[in-house]
Peer 1: 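The structure follows.
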Amino acid sequence: MDKKAIREAFRQSVFKRDGFQCAMCGRSDVKLDAHHINDRHDMPNGGYVAENGITLCDCEQGCHWKAEHHHATGRSYPGYSPEELYAKINSDFEKAWTASENLMEI
């Protein structure tokens with residue numbers, strides 16, 4: 001599977017699991033993003049697994065923006081730390097890491 005196909009499979013599996021709505025605020029009427037909870041550069045094989053992804057609304061200063069704040073600054077908005085995002089999808093860093101290790105190398 002090529003990189004583009006792996007990314008699209010990641011997006012679709014995350015969106016499907018989360019019911020095609022933001023896992024934080026429930027919006028489905030805006031652009032959605034399949035957000036990597038832990039940065040894809042810090043995970044094996046890019047972390048393109050549902051265990052490391054969460055559907056977030058991608059509107060101005062919406063949930064995706066709040067989650068990305070952690071990647072940019074190392075500080076999390078209340079409710080948007082990686083641990084809190086993992087809890088929303090019944091996952092954790094260890095599950096995400098293991099699933100990522102098992103992903104076909106890209």
Side-chain angles (χ1 to χ4, degrees):
M1 191 181 308
D2 70 8
K3 197 174 195 176
K4 187 175 180 178
I6 288 170
R7 276 191 229 144
E8 186 57 27
F10 166 73
R11 288 174 47 78
Q12 291 306 311
S13 66
V14 170
F15 291 163
K16 183 177 180 181
R17 182 203 57 224
D18 296 339
F20 294 89
Q21 65 183 21
C22 179
M24 298 302 285
C25 71
R27 289 189 72 178
S28 61
D29 62 332
V30 295
K31 181 181 176 194
L32 298 173
D33 184 83
H35 173 73
H36 285 87
I37 296 173
N38 269 292
D39 191 290
R40 60 190 173 88
H41 297 104
D42 297 335
M43 299 292 286
N45 301 310
Y48 288 100
V49 293
E51 294 86 350
N52 189 48
I54 187 169
T55 304
L56 298 176
C57 63
D58 200 17
C59 51
E60 187 175 335
Q61 295 193 355
C63 296
H64 186 232
W65 181 84
K66 291 174 184 174
E68 281 294 325
H69 186 76
H70 176 81
H71 292 304
T73 68
R75 295 183 317 273
S76 301
Y77 271 84
Y80 289 84
S81 71
E83 295 77 18
E84 291 166 309
L85 296 175
Y86 278 132
K88 278 286 200 184
I89 62 163
N90 196 29
S91 188
D92 58 36
F93 178 80
E94 186 175 324
K95 288 178 187 176
W97 185 274
T98 300
S100 295
E101 281 185 322
N102 294 329
L103 184 65
M104 182 177 66
E105 295 253 353
I106 57 175

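All values derive from a computational prediction rather than experimental measurement.
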Peer 1: CG of Leu32 to SG of Cys63: how many Å apart, nearest 0.5 Å?
Peer 2: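 Taking CG in Leu32 and SG in Cys63, the distance rounds to 10.0 Å.
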Peer 1: If you compare all heavy atoms of Val14 against all heavy atoms of Ala50, which two are closest, and at what distance to 0.1 Å?
Peer 2: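 Here Val14 and Ala50 meet closest at CG2-CA, 3.9 Å.
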Peer 1: For the atom pair CD (Glu83) and CG (Asn38), what is the distance rounded to the nearest 0.5 Å?
Peer 2: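 Between Glu83 CD and Asn38 CG, I get 8.0 Å after rounding to 0.5 Å.
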Peer 1: So does Gly79 get a backbone contact from the side chain of Glu84, meaning a donor-acceptor N/O pair under 3.5 Å?
Peer 2: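 Yes, the answer is positive, given that a donor and an acceptor are paired below the 3.5 Å cut-off.
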Peer 1: Could you pull out all residues at least two apart from Glu8 that satisfy side-chain contact (heavy atoms from CB on, under 4.5 Å)?
Peer 2: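 Testing Glu8 for side-chain contact (heavy atoms from CB on, under 4.5 Å), a comparison that skips the adjacent residues, returns Arg11, Gln12.
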Peer 1: Distance check, rounded to the nearest 0.5 Å: Lys66 atom NZ versus Ser76 atom OG?
Peer 2: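 Lys66 atom NZ to Ser76 atom OG measures 13.0 Å (nearest 0.5 Å).
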Peer 1: Which residue pairs pass the salt bridge (charged side-chain N to carboxylate O under 4.0 Å, His left out) test when at least one of the two sits in residues 23-50, sequence neighbours left out?
Peer 2: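 Found Arg27-Asp29, Lys31-Asp58.
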Peer 1: Just say parallel, tilted or perpendicular for the rings of Phe10 and Tyr48, cut-offs at 30° and 60°.
Peer 2: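 Ring orientation, 0 to 90° scale: perpendicular.
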Peer 1: Is there a donor-acceptor pair under 3.5 Å between the side chain of Asp92 and the backbone N or O of Lys95?
Peer 2: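 At least one qualifying donor-acceptor pair exists.
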Peer 1: Run through the side-chain heavy atoms of Ile, Leu, Val, Met, Phe, Trp and Tyr, join any pair under 4.5 Å, and report what else lands in Tyr77's cluster.
Peer 2: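 Hydrophobic cluster check, Tyr77: joined to Met24, Ile37, Met43, Ile54, Leu56, Trp65, Tyr80, Leu85, Tyr86, Ile89, Phe93, Trp97.
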Peer 1: Looking at every non-hydrogen atom in both residues, tell me the closest pair between Val49 and Ala99 and how far apart they are.
Peer 2: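 Residues Val49 and Ala99, closest heavy atoms: CG1-O, 3.6 Å.
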Peer 1: Once you measure the plane-to-plane angle for His35 and His71, does it fall in the parallel (<30°), tilted (30-60°) or perpendicular (>60°) bin?
Peer 2: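 Rings of His35 and His71: tilted, 30 to 60°.
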Peer 1: Measure the CG-CG distance between Leu103 and Asn45 for me, rounded to the nearest 0.5 Å.
Peer 2: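 It comes to 5.0 Å.
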Peer 1: Roughly how far, to the nearest 0.5 Å, is CD of Glu51 from OG of Ser13?
Peer 2: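 These two atoms lie 8.0 Å from each other.
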Peer 1: Which heavy atom of Ser28 sits nearest a heavy atom of Gln21, and at what distance?
Peer 2: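 For Ser28 and Gln21, the tightest heavy-atom pair comes out as CB-CB, 3.9 Å.
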